[in-house]
Amino acid sequence: MEFINRPYAPAGGFAASNLINIDDFPEAETNYVLDLAEYYARFLKAGKLPPARLAGKTQINLFFEDSTRTNLSFELAGRRLGADVLSVPVAASSVNKGESLIDTTQTLVAMGAHALIVRHREPRVHDELAKRIACPVINAGDGVREHPTQALLDAATIRSVYGTLKGLVIAICGDVKHSRVAASGAVLFSRLGAEVRFVGPAHLMPAPYQMPQARRFDTLADGIAGADIVMALRMQFERMEEGGKDAATGYFETYGLTHDTLKLAKPDARVMHPGPMNRGVEIDGALADDERRSLILKQVFYGVATRMAVLDALITKGAAF
Ligand code: CP
């Protein structure tokens with residue numbers, strides 16, 4: 001395993017204070033974080049601990065929605081860098097005694113938090129928190145609006161395979177309308193030079209004025225023709241009216257990703273999925289498990305490395321160690 005040199009922070013230091021929207025990281029900051037993610041990935045691949053950049057720092061995770069990947073990978077990321085990591089047990093906290101979110105977070109900051117990782121379904125909660133507290137706020141997913149660290153880890157994963165996103169065709173398939181992953185990903189992938197497409201039935205597409213970066217297709221054959229990467233999305237039933245009880249009817253037959261339907265894309269196209277995935281609904285299990293075609297577990301791996309990079313950049317501002 002080859003190690004690489006630690007990348008240099010942008011001239012003048014890391015400019016961003018929070019990561020709430022993917023555009024909070026301008027070009028230099030984005031490239032630095034992606035380079036730093038690769039730097040940390042080399043340590044993780046080699047089973048080695050990197051320098052403890054966050055020793056003496058405290059990171060607090062505050063998740064008001066369910067999560068496996070994001071919550072645990074943030075926890076691991078902080079620990080790998082030497083931080084003290086606390087996860088607030090929301091269901092057993094004073095939030096249930098009527099304490100406001102602002103009061104809860106100010107309490108956490110008074111305990112000495114150096115970064116707050118927040119998943120909350122209300123858009124703009126993160127902006128409100130960032131105005132009121134004196135440490136970086138990192139958005140771990142907010143309803144259907146943004147999931148910026150997922151976009152960054154997806155970009156880091158793609159770079160690890162292709163070297164760049166420039167010139168790639170990335171087709172994002174399925175329930176785009178309710179997907180914060182698609183929303184942040186479309187913006188970032190376009191900025192990094194990829195052609196982004198959305199593929200799915202009209203009722204799962206966002207309004208035309210939303211996410212104008214992406215061309216839209218209503219057939220899988222047209223949408224993934226020539227694609228380098230085909231990203232499947234979960235049906236987000238919990239965000240649909242009446243629990244989306246009919247949303248999956250006939251979906252797999254028309255849009256499901258299988259070894260067969262992937263033949264419509266480039267010959268060596270790869271599949272991605274942010275997880276959690278529903279096998280047999282948006283993707284066939286055999287394709288998801290095929291290491292030659294599937295980047296799904298690589299995305300999980302890069303989730304830790306990328307979140308290490310985001311925490312390091314926002315807490316230390318790229319300062320020399
Ligand atoms: N991709 C993602 O956000 O997964 P979790 O909901 O498990 O965190």
Side-chain angles (χ1 to χ4, degrees), residues 19-22 33 37 41 59-80 85-91 115-123 125-126 137-158 160 170 172-189 198 204 229-240 243-244 257 270-279 281-283 285 288-289 294-311:
L19 177 58
I20 298 171
N21 307 300
I22 192 62
V33 163
Q59 165 198 330
I60 300 188
N61 292 358
L62 189 55
F63 279 62
F64 290 90
E65 281 188 337
D66 297 343
S67 171
T68 298
R69 278 147 286 269
T70 311
N71 195 357
L72 295 179
S73 65
F74 262 118
E75 190 162 330
L76 263 181
R79 289 184 198 282
R80 296 280 188 258
V85 182
L86 302 177
S87 287
V88 177
V90 170
L116 212 54
I117 323 301
V118 183
R119 173 171 283 192
H120 197 291
R121 73 185 156 89
E122 288 299 328
V125 153
H126 302 75
V137 173
I138 301 175
N139 181 358
D142 59 4
V144 300
R145 211 183 59 87
E146 283 257 12
H147 194 352
T149 58
Q150 180 73 43
L152 287 165
L153 78 86
D154 288 340
T157 306
I158 296 168
S160 77
I170 303 176
I172 303 177
C173 302
D175 183 8
V176 180
K177 181 177 180 176
H178 301 100
S179 175
R180 56 196 177 204
V181 173
S184 295
V187 172
L188 181 64
F189 304 158
F198 291 156
L204 295 179
I229 292 170
V230 183
M231 181 184 289
L233 297 174
R234 179 177 70 86
M235 288 274 177
Q236 288 138 104
F237 298 111
E238 71 279 14
R239 301 198 178 109
M240 299 178 188
L257 297 185
R270 312 294 183 94
V271 288
M272 298 177 72
H273 194 307
M277 66 179 154
N278 291 136
R279 291 166 184 258
V281 177
E282 66 269 5
I283 188 166
D289 294 336
S294 169
L295 300 179
I296 294 170
L297 292 180
K298 199 180 260 288
Q299 288 172 268
V300 177
F301 172 81
Y302 270 89
V304 179
T306 303
R307 287 171 176 133
M308 289 168 77
V310 168
L311 288 166

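Keep in mind that this is a model prediction, so the values were computed, not measured. Whatever order the structure lists them in is the order used to number ligands and atoms, beginning at 1. All heavy atoms count here, side chains included; hydrogens, waters and symmetry mates do not.
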(Q) Ignoring hydrogens and geometry beyond distance, is a side-chain donor-acceptor pair present between His126 and Glu146 at under 3.5 Å? (A)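 Side chains of His126 and Glu146: no pair found under 3.5 Å.
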Q | Under 3.5 Å side-chain donor-acceptor pair for Asn21 and Arg145 | A |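 A pair is found: one side chain offers a donor N or O, the other an acceptor, under 3.5 Å apart.
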Q. How many angstroms lie between atom CG of Leu76 and atom CG of Asn71, to the nearest 0.5 angstrom?
A. 10.5 Å
**Q.** CD1 on Ile117 to CG on Asn61, rounded to 0.5 Å
**A.** 5.5 Å
Q | Backbone or side-chain N or O of Arg69 under 3.5 Å from ligand 1 N or O | A |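 It does: an N or O of Arg69 is found under 3.5 Å from an N or O of ligand 1.
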Q | Gly275 N/O to ligand 1 N/O under 3.5 Å | A | yes
Q.
If the contact criterion is a heavy-atom separation under 4.0 Å, does Glu65 count as touching ligand 1?
A.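 Checking ligand 1 against Glu65, which is what was asked, there is no heavy-atom contact under 4.0 Å.
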Q.
Measuring from atom 3 (O) of ligand 1, which candidate in Met277, Arg234, His147, Arg180 has the nearest non-hydrogen atom?
A. His147
Q: Only heavy atoms count here, so choose which of Asn71, Thr68, Thr70 is nearest to atom 7 (O) of ligand 1.
A: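 It is Thr68 that holds the nearest heavy atom.
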(Q) Return the closest protein heavy atom for atom 6 (O) of ligand 1 as residue, atom name and distance. (A)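 Scanning the protein heavy atoms, the shortest distance from atom 6 (O) of ligand 1 goes to Arg119 NH1, 3.0 Å.
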Q.
Closer than 4.0 Å to some heavy atom of Gln150 - which atoms of ligand 1 meet that?
A. 1 (N), 2 (C)
**Q.** Atom indices of ligand 1 within 4.0 angstrom of Pro274 heavy atoms, with elements
**A.**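 Every atom of ligand 1 under 4.0 Å from some heavy atom of Pro274: 1 (N).
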Q. Does Phe74 have Arg307 sitting over its ring (NZ/CZ under 6.0 Å from centre, angle to axis within 45°)?
A. yes
**Q.** Other residues, nucleotides, ligands: >12 heavy atoms within 6.0 Å of Arg239 CZ
**A.** yes
